[in-house]
Amino acid sequence: ATISDCAFINCTFDGAIFESVSLTKCQFLDCTFEQFSIDDSTFSLNSFEHCNIKNTHFTESFYYQIFDDCTFENVNMDPILLGFNFGFSF
């Protein structure tokens with residue numbers, strides 16, 4: 001499935017599973033993500049504003065996201081993805 005150019009406002013994704021999904025150019029405003037699974041998916045060019053992201057492990061294709069005033073709690077991200085999302089390189 002492909003999801004693109006959508007806006008999600010004040011949504012809660014609790015245990016949501018996005019498997020084999022391409023999600024691009026979407027906006028998430030005031031959303032909460034808890035145990036957010038994106039196995040075998042591609043997330044790119046999305047923006048997250050005032051979001052809470054908890055108990056999640058980002059792996060694989062999670063590129064070029066914009067995070068503005070978000071909180072992260074118990075979130076793991078593969079080191080290579082830090083460069084694509086925060087500008088850190090290893």
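Along the sequence shown, residues are numbered consecutively beginning with 1. From a predicted model like this one, the values you see are computed outputs, not experimental measurements.
Considering F18, F8, F28, F67 as possible partners of F33, the one that fulfils the ring pair (Phe, Tyr, Trp, His ring centres under 6.0 Å) test is F28. With respect to S61, the side chain to side chain contact (heavy atoms under 4.5 Å, CB included) criterion is satisfied by exactly one of L23, T42, D40: T42.
To the nearest 0.5 Å, the span separating SG on C70 from CD on E49 amounts to 8.0 Å.
Judged purely by atom type and a 3.5 angstrom limit, N46 has no side-chain atom pairing as donor or acceptor with the backbone of Q27. When atom types are taken as modelled, the side chain of T2 and the backbone of S22 share no donor-acceptor pair closer than 3.5 angstrom.
Scanning all heavy atoms of the two residues, the minimum distance from S41 to S20 falls at OG-N, 3.1 Å. Here the closest non-hydrogen pair linking I38 and F58 is CD1-CD2, 3.8 Å. Residues F43 and Q65 share a closest heavy-atom pair of O-NE2, 2.9 Å. Of all the heavy atoms in D14 and E34, the pair that sits closest is OD1-CG, 3.5 Å.
By the neighbour-count criterion of 12 heavy atoms within 6.0 Å, atom CG of L45 is densely surrounded, having more than that number from other residues, nucleotides or ligands.
Between the side chains of D30 and N10, not a single donor N or O lies within less than 3.5 Å of an accepting N or O. With hydrogens and angles left out, the side-chain atoms of N55 and Q35 include no donor and acceptor closer than 3.5 Å.
I66 is not connected to M77 by any chain of hydrophobic side-chain contacts under 4.5 Å among Ile, Leu, Val, Met, Phe, Trp and Tyr, and they are in different clusters. V75 and Y63 end up in the same hydrophobic cluster when Ile, Leu, Val, Met, Phe, Trp and Tyr side chains are linked at under 4.5 Å.
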